[in-house]
Asks: 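There's a structure below that I have some questions on.
Numbering of ligands and ligand atoms starts at 1, following listing order.
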Amino acid sequence: MGFTDDSKLEGGVADVSPALLADLAHANSTLESAEPQEILRWAADRYGSTLTMATAFGPEGCLIIHWLATIAPKTHLFNLDTGYQFKETLELRDRIAARYGMVVALEQPETSVEEYESMHGGPLYRIDSNRCCHDRKISVVRRVLTRFDAWMSGIRRDQSPDRSSAAIIGWDYRFGVVKISPLANWTKAKVWNLITQENIPYNPLHDQGYGSIGCFPCTRAVGSGDDERSGRWSGSAKTECGLHVRDEER
Ligand code: SF4
C-alpha cells in the first residue's frame with residue numbers, strides 16, 4: 001500500500017478510502033486487547049520499511065524500543081529535535097543506541113533556534129507556544145511522514161482527555177497516514193514496572209520530579225500527586241503540542 005504526497009494536505013484532512021477505514025477498524029478491534037508486542041509484530045509485518053515511530057524518549061517510547069529491538073530492529077525511529085530539548089534527553093538517545101543498536105534519527109525544523117528567535121524578536125514560546133509547536137514540531141512531523149505509510153507513538157489513553165479515545169490502530173486524519181498506539185490501553189504503573197524489571201534506559205529527569213518531559217522552556221517538575229502531564233506548558237490552557245489530537249478536533 002502507499003499514499004501519495006498529495007494525500008497529506010497541509011493543515012487539513014487527507015483523503016482516505018472507506019475500504020481502508022474498514023480494514024483499519026477491523027484490525028483495531030482485533031488488536032484492542034492484544035499485548036503491545038503482538039501489535040508491534042502486526043505493524044512491522046504489515047508496514048515494514050514504511051513504518052516509523054516518533055519518540056520524545058519518554059518511558060513509553062523507551063519501552064517500545066526495547067521490544068522493537070527484538071521484534072523489528074530495523075524499524076525507523078525519529079525524534080523531534082526542536083533545539084529546546086534537555087541535554088538529558090539527548091544523552092538518552094545515545095544510551096538507547098548503545099544498549100539496543102537502534103539509532104533514533106533527529107529531525108530538525110528548517111531554522112535553528114538562533115535563526116528562529118531572531119526572526120521573531122526573541123523566544124516565541126513565551127508569547128505564542130501554539131505557533132512555536134507548529135513550526136518546530138508539527139511541520140517537522142508532517143515532513144517526515146511523507147516518507148511513511150504508518151507511524152507509531154507511545155501515547156496512553158489515561159494520560160489526558162485528549163488521548164482518552166486513542167485507537168490502537170486508526171487513520172490519522174491530521175497527517176494522512178495510519179497511526180498505531182501499542183500502549184494505548186496500558187497504565188503508567190505497568191510501563192514503569194517493566195522499565196524497572198528490564199532495566200530499560202529512561203530519562204533521569206523523571207527521578208527529579210519531571211512527569212512528562214518535552215522542551216525545557218515548557219516543562220517543569222511536578223509534585224508526586226500531580227497529574228503526570230501537568231508540568232507541560234503549566235500556567236497556560238495548553239495541554240498538547242498538537243501531534244495527538246482527538247478525531248473530532250482534527
Ligand atoms: S514545547 Fe515549547 S519550546 Fe517546544 S516547540 Fe512547543 S512551544 Fe516551542
Asks: Run through Leu24, Val16, Asp149, Asp172 and flag the one making a side-chain contact (heavy atoms from CB on, under 4.5 Å) with Val178.
Replies: Leu24
Asks: Heavy atoms, side chains only, cut-off 4.5 Å: are Phe216 and Thr82 in contact?
Replies: no
Asks: Find the distance between CD1 (Ile213) and OH (Tyr202) and round it off to the nearest 0.5 Å.
Replies: 10.5 Å
Asks: Report, in ascending order of atom number, the atoms of ligand 1 lying under 4.0 Å from any heavy atom of Cys218.
Replies: 1 (S), 2 (Fe), 3 (S), 7 (S)
Asks: May I ask you to list the atoms of ligand 1 that are less than 4.0 angstrom from any heavy atom of Ser129?
Replies: 7 (S)
Asks: State plainly whether the residues Asp158 and Lys190 are in salt-bridge range, i.e. N to O under 4.0 Å.
Replies: no
Asks: Please determine if atom 8 (Fe) of ligand 1 has an N/O/S atom from Cys133 lying under 2.8 Å away.
Replies: no
Asks: Do any N/O/S atoms of Cys215 come under 2.8 Å of atom 2 (Fe) of ligand 1?
Replies: no
